[in-house]
Each structure stands twice: as structure tokens, then as C-alpha cells.
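Take a look at the structure set out below.
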Protein chains: 2
Amino acid sequence: MSERELRRNLAILPIGTVRELTLLTDRQIRYYEKNNLVHPERGKGGQRRFSLYDVDQLLKIKDYLEAGDSIKDIQEIFAKQQRKAQEKHNSQDALRRSLQSEFAKIGRFGVK
Amino acid sequence: MSERELRRNLAILPIGTVRELTLLTDRQIRYYEKNNLVHPERGKGGQRRFSLYDVDQLLKIKDYLEAGDSIKDIQEIFAKQQRKAQEKHNSQDALRRSLQSEFAKIGRFGVK
DNA sequence: GAATTTGTGTTAGATTTCCTGACATCTCAT
DNA sequence: ATGAGATGTCAGGAAATCTAACACAAATTC
């Protein structure tokens, strides 16, 4: 994972901040969590910690709901996006590996 | 200010998160604030809210202190950095303005 | 070398935020 | 009408944060 992705996925925000950033209520945020749409971590005392990625997801949820989609619809939408991201990830990995092995054959860049 | 800068300066982190990110104690963080080295905002109930920029500043403070500098030294260092950033900002503004007025003369790009 | 300053630890009590669980309400679709 | 889905609201408790004060070691100043 890139540095940028790491930062994006750092669980650093309490629910109060997320509430302000998304204009959702605590109730809504917790409900979406219960329905597996977001997955905040928990701090030492058991309080939720959200990442910036979570905030993005919550904003998407908001949009989808306002567009008439149900929680279940959104679960499927996210599952689909998840699969695509995974494929993309895999194909990038594959590309990288094949490029590296090509370079290794040419012998100009070591694959360390 | 750019979108990126805006995000960087958004006051979103409670002191607990900042404590974990910097490995400083609350006491230290508050002391540095009292000495004008960081300037967290306050939430509705009066609790501190730090930005990612604040976190960076705190990490710098930590480095400087470990390097033997005093709080006052750091105040001056920051003041100097502040002035330089300001100058850079101004010169960028000046450049932008002069470019815009050049374009305006040529008449191809309106200065909105 | 005694006195002061500096940076930090620690504690206490009050306030704010967050937690879970339950019950209520409203809107659709059946 | 009935039931499911999404949200509001409330209660009681736990966790996080706040300020102010006292303590203290190390460095600095007189």
C-alpha cells in the first residue's frame, strides 16, 4: 500500500468529527456500520475511530440513499466496487511482476 | 488556498489521536499550545481539534527539542519559517497577477 | 552554590463526548 | 392493514477531555 493510501486508511477520527464532515447523525453512522457499509476501528476505550476513507464511504452512502437506493442495494454496489478494485489491484501486481521478470531477463535492473 | 491545503488545515483530530500520532503527552501538547507553537481550534464543547498541519508542527517541535533547542528557540524558528512562507506566497501571488495581466493584454485569456 | 526558570509528571473534579440498548415514529411496499 | 426499513430519541454508564494546581529534576542565572 502506498504512503498516501496508508494515510487515507489511518483510523483517526472520532464520530463527532465524522458527524460534522458528513452531516449525518450518530444514529445513521452507527446503523450503516451495523449493516457493514463502513468498518471503523475501535480505540483503547472502545470508541469508534474512522479513517478518511470511511468518511468518503459515508458520503457515498448518503448520495446513494438520497438517490433512492436501499441499504441492501448499497451493500451490493460496494461489493461490486470491491471486486473491481481487487481485480485492478491484482492486474497491477501481475503487470509489475511481469515487467520485473522481463527486466531481470534483460539483466539491467536487479529484482532485489 | 488549494484544496490540498484546505484538507491539511481542517481541524478534525481530538487530542487523543494526536497523542498517538506524535507520541507526546497531553501535557506536552497543551504546553506547546500555551507557548503559541500550535493553534488547535475548539469544538462546540470547548475541546481541542487539531489539523494534520498541527500534527506536523508537533513532530517538528519534538525534533527541535530533542536536538537541544528551547521553546523560545522554536518560537523564533517558526516565526522565521512563517515569514519565508509568507514571502513565497506573496511572490507566487505577484507572479500570478503579472502573468494574468500579460494574458489580459494579449487578449486571449480573460481575467475572469 | 543558592535561587530561578524550564519542561514535564501527576492528581482532582468538572464537563463533554461516546457507548449500547430499547422503544417510538414514519414511510414504503406488500 | 401489516411489515420491513431507516431514523429519532432517551436513559444510564463509561471514556475522553478540560482547567488548575502542586511537585520536581535539570539547566540557567545571579
Side-chain angles (χ1 to χ4, degrees), chain A residues 10-79, chain B residues 10-79:
Chain A
L10 259 191
I12 51 178
L13 307 175
I15 200 170
T17 302
V18 175
R19 183 176 49 225
E20 289 170 16
L21 290 175
T22 62
L23 297 183
L24 293 166
T25 65
D26 307 24
R27 185 70 169 89
Q28 288 174 304
I29 297 170
R30 298 198 185 107
Y31 184 66
Y32 304 154
E33 179 191 11
K34 183 162 297 182
N35 283 277
N36 289 306
L37 293 181
V38 283
H39 310 89
E41 297 178 12
R42 297 292 181 129
K44 201 183 162 187
Q47 322 224 162
R48 271 165 267 254
R49 287 288 137 112
F50 297 79
S51 66
L52 292 174
Y53 174 78
D54 288 327
V55 173
D56 272 358
Q57 292 300 95
L58 286 169
L59 290 173
K60 281 189 202 171
I61 294 169
K62 207 179 166 191
D63 285 344
Y64 284 126
L65 283 175
E66 282 168 8
D69 292 306
S70 73
I71 297 280
K72 266 181 193 161
D73 293 336
I74 301 175
Q75 286 172 343
E76 289 168 20
I77 292 170
F78 280 4
Chain B
L10 258 191
I12 52 178
L13 307 174
I15 200 169
T17 301
V18 174
R19 183 175 51 225
E20 290 171 16
L21 291 176
T22 61
L23 297 183
L24 294 166
T25 64
D26 308 25
R27 185 70 168 91
Q28 289 174 303
I29 297 169
R30 297 197 187 105
Y31 184 67
Y32 304 153
E33 179 190 12
K34 184 163 298 183
N35 283 275
N36 288 307
L37 293 181
V38 282
H39 309 90
E41 297 180 11
R42 297 292 180 130
K44 200 182 162 187
Q47 322 226 164
R48 272 166 265 256
R49 288 288 135 113
F50 297 80
S51 67
L52 292 174
Y53 174 78
D54 288 326
V55 173
D56 272 357
Q57 292 299 96
L58 286 168
L59 290 173
K60 281 189 201 169
I61 293 169
K62 207 180 166 189
D63 286 344
Y64 283 126
L65 283 175
E66 283 168 7
D69 293 305
S70 72
I71 298 281
K72 265 180 194 162
D73 293 336
I74 301 175
Q75 286 172 344
E76 288 167 19
I77 292 170
F78 281 4

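The sequence lines fix the lettering, A, B, ..., with proteins before strands; numbering per chain opens at 1. What you are looking at is a predicted structure, and each value in this text was computed from that prediction instead of being measured.
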Task: N or O in side chain of B:K72 less than 4.0 angstrom from C:dT6 OP1/OP2 - done: yes
Open item on the list: With heavy-atom distances below 4.5 Å as the criterion, would you say the side chains of B:I61 and B:F78 are in contact?
Closed with: yes
Task: Side-chain N or O of B:Y31 closer than 4.0 Å to phosphate OP1/OP2 of C:dT8 - done: no
Task: Whole-Å gap separating C1' (C:dG7) and OH (B:Y32) - done: 7 Å
- [ ] Would you sort out whether A:I29 and A:F50 count as a side chain to side chain contact (heavy atoms under 4.5 Å, CB included), showing the intermediate values?
- [x] CA-CA 11 Å; A:I29 297 170; A:F50 297 79; 3.5 Å; yes
Task: Length of the line joining B:F50:CZ and D:dA16:C1', which is rounded to integer Å - done: 13 Å
TODO: Measure from CD1 on B:I71 to C1' on C:dT8 and round the result to the nearest Å.
DONE: 10 Å
Open item on the list: Between C1' on C:dT6 and CD on B:Q28, what's the gap in Å once rounded to a whole number?
Closed with: 13 Å
TODO: Could you say whether A:G43 or A:D69 is positioned toward the 5' end of DNA chain D, judged by the nucleotide with the nearest heavy atom to each?
DONE: A:D69
Task: Under 3.5 Å donor-acceptor pair, A:R27 side-chain atoms to D:dT9 base atoms - done: yes
- [ ] Could you state the atom-to-atom distance from CD1 of A:I29 to P of D:dT7 in whole Å?
- [x] 11 Å
- [ ] Round to a whole Å and report the spacing from CD of A:Q47 to P of C:dT20.
- [x] 9 Å
Open item on the list: Can you confirm whether A:L13 sits close enough to A:L21 that some side-chain heavy atom of one is under 4.5 Å from a side-chain heavy atom of the other?
Closed with: yes
Task: Residues A:K60, A:Q57; criterion side-chain hydrogen bond (donor to acceptor under 3.5 Å, both in side chains); working and verdict - done: CA-CA 5 Å; A:K60 281 189 202 171; A:Q57 292 300 95; 3.3 Å; yes
Task: C:dT17 OP1/OP2 closer than 4.0 Å to side-chain N/O of A:R48 - done: no
Open item on the list: Tell me which one of B:E41, B:E33, B:H39 satisfies side chain to side chain donor-acceptor pair (under 3.5 Å) with B:R48.
Closed with: B:E33
Task: Integer-rounded Å distance: C:dC19 P and A:R42 CZ - done: 6 Å
Task: Between C:dT8 (P) and B:K62 (NZ): distance, integer Å - done: 11 Å
Open item on the list: Can you tell me if A:R30 touches the phosphate of D:dT9, counting only side-chain N or O atoms and a distance under 4.0 Å to OP1 or OP2?
Closed with: no
